[in-house]
J.: 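First, the structure itself, so that you have it in front of you.
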Amino acid sequence: MTVLKLSLKEIAQLMKQGEVSPVTVVAETLKAIKLSKLNSFITVCEERAIAAAEKSALRISQGEARELEGVPLGIKDVFCTKDIRTTAASKIMGDFTPWYESTVTERLLEQGCIFVGKNNMDEFAMGSTNRNSAFGEVKNPVDEKLVPGGSSGGGAAAVAAGLCYAALGSDTGGSVRQPAAFCGIVGVKPSYGACSRFGMIAYASSMDQAGVMARSVEDACIVLDKMKGYCSKDSTSSKVILANLAEVNADVKGMKIGYIEDHMGLVSETVRACWKNSLDLLADRGAKIVAINIQDLNCPSIGLTCNPAHSWLAVYYAISTVEALSNLARYDGIRYGSYIPGETLDESYMLTRDQFGPEVKRRLALAAHIMSTEPTNRFFERSCKYREFLKERFANVFRKVDCILSPTSPHVAFPLTEHKKNSLENYMEDIFTVVANLVNSPAISIPACRENGLPMGMQVMAGHMQDAKMIAVAKALEDALGYE
Amino acid sequence: MTKIIDIEKLSLIVRIKNLPEDTQQYIQDISTLLNTIPTRLEHLEFEPAEELIRSADLVESHEVSQSDLPTKEGQYFVSKRSVG
């Protein structure tokens, strides 16, 4: 039995008990990464990881093991890691090597985790296929001809392939949950404010949140528990103390689980069957299933003519791209990153920023268009208002139900060579995930069933800072599904 | 959305020399989606920033005075200290 097949919880215990050495575990992990053809890592921290494993082994032998001593993790290349190149999968970052550690990675290092490398991703976390990386596309370990999802596709692929026990991702509109669903693993995004954003390269600051991908809900919670908590370096960090999520029981008796009826029409027959089966399994365990009428979430006077989920997606793209326009304005190559000199300062900016990839360029252009459309800010202002409205409505819904269950994505993973007719079709992949980011809710994707052998995820979403309820439902569903 | 999208102007705004060739089509496609954002939201007004004050814990950490807090009319005055 290879150590790489064990769960994070198991390997952590075995190492602490001295039955397996961190040196062996890290060596096996690095060997597997070298042999892998998934392109799931941008940077492999071989020397550093081996040195850290030796230190961990020493600590264990001296009886000073920390909670996650010697556990190898993958880190999305969007987190600043001291003395390790950090690229956000973009050429514009050049060989940027941070001189500080992001809060979440710092906390994991303090618990004894070992970073084996920086995971590939969509450039600046913009994408849901991991094809938008300056370092090449990532392959799905379930079938290497398929996309792994994105933007945290490298981490999801690495975890699913057994190249690390868990991986850190960032989730702005589903970037942890959707790749987890495509690769058949668990992906959790906690409530906005639960994990510090300090040191996480920003895409859309009002929605960015660190998350974890692992092979079980419990493994994901073990890592998340060590990352979460107030951080004075992030003004949006919450002082609310969340329960220890790894210890939450899989008990849903008496809980109310909602599902949005109108969403049933947005998915295939197979996805719908999987969804209904998941609801039935929760009902069997004592949960009460409640249908949510979408009109409860939308003011009737607004008079929507399409499925409101499309409006949620629109609001998400309006706000996220405009925030990205502001956040990415800092990349001029002068202070750090790759600089291309021109004859004038303006020309230097233009040449330097031309290193952004096509998807980033398109989104920035869209944001500039949104902000310059007459009347000024029409779409942006409307989006902000609608978002506030949605927050209020969802807060009301979560007074009536404990969690909402939905598919994570309307489809399973699709071929790397398949290009949608237009970007709109690509963005539809996010239709079930963006709302959690818009209303600051926690959400988790767990592998639920398969369509033609390909994994499909179910998403559990709860009210803001109700992460424990979400985990209770996710654990119960994971138990009931018995997914392998 | 406006019918004519001035790509050169957008290129100058975002300071990127070469926007992808399909940018015009891309913006038109996404505009379809943006048009689903409800228009009749005029009755919705932004709430005062009470939530922001709570989450950032400005009251505790920076001893924000009463003048910093939302007024009954829902206006929010940001002091120089808070901005800094």
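Protein chains get the first letters and strands the later ones, always in sequence-line order, with residue 1 at the start of each. Just so it is clear, the values below take in all heavy atoms, side chains as well, and ignore hydrogens, waters and symmetry mates.
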J.: Identify which part of A/Asp234 has an atom lying under 4.5 Å from any heavy atom of chain B, answering side chain, backbone, both or neither.
T.: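 Contact with chain B is absent: no heavy atom of A/Asp234 under 4.5 Å.
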J.: Between B/Ile16, B/Leu19, B/Leu10, which residue shows the highest count of heavy-atom pairs closer than 4.5 Å to chain A?
T.: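 So the answer, after comparing B/Ile16, B/Leu19, B/Leu10, is B/Ile16.
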J.: Does a donor on one side chain and an acceptor on the other come within less than 3.5 Å for A/Ser191 and A/Asp467?
T.: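 On atom types as modelled, these side chains qualify, holding a pair under 3.5 Å.
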J.: Under 4.5 Å heavy-atom distance to chain B, tell me which part of A/Phe356 shows up: side chain, backbone, both or neither.
T.: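 Just the side chain, heavy atoms under 4.5 Å.
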J.: Let me know if A/Leu364 has heavy atoms under 4.5 Å from chain B in its side chain, its backbone, both or neither.
T.: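 Backbone plus side chain of A/Leu364, per the 4.5 Å heavy-atom cut-off to chain B.
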J.: Is the A/Trp312-A/Phe394 ring centre distance short of 6.0 angstrom?
T.: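 Yes: the rings meet the under 6.0 Å criterion.
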J.: Tell me, side chain or backbone of A/Arg363 under 4.5 Å from chain B's heavy atoms, or both, or neither?
T.: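 Both backbone and side chain of A/Arg363 come within 4.5 Å of chain B.
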J.: I need the residue from B/Leu12, B/Val14, B/Asp6, B/Ile7 with the largest number of non-hydrogen atom pairs under 4.5 Å to chain A.
T.: B/Val14
J.: Is it true that A/Tyr339 and A/Tyr349 have ring centroids separated by less than 6.0 Å?
T.: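 No, too far apart.
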J.: Any idea which of A/Glu359, A/Lys361, A/Glu347 has the most non-hydrogen atom pairs under 4.5 angstrom with chain B?
T.: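 Looking at each option in turn, the highest pair count goes to A/Lys361.
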J.: Suppose we call two aromatic rings close when their centres sit under 6.0 Å apart. Are A/His464 and A/Tyr192 close by that rule?
T.: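 No, too far apart.
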J.: Give the member of B/Arg15, B/Lys17, B/Gln25 that has the highest number of heavy-atom pairs under 4.5 Å with chain A.
T.: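 Answer, by heavy-atom pair count under 4.5 Å with chain A: B/Arg15.
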J.: May I ask you to check whether A/Glu323 and A/Ser206 show a side-chain donor-acceptor distance below 3.5 Å?
T.: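 Side chains of A/Glu323 and A/Ser206: pair found under 3.5 Å.
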J.: Between A/Ser409 and A/Glu429, does any side-chain donor sit less than 3.5 Å from a side-chain acceptor?
T.: yes
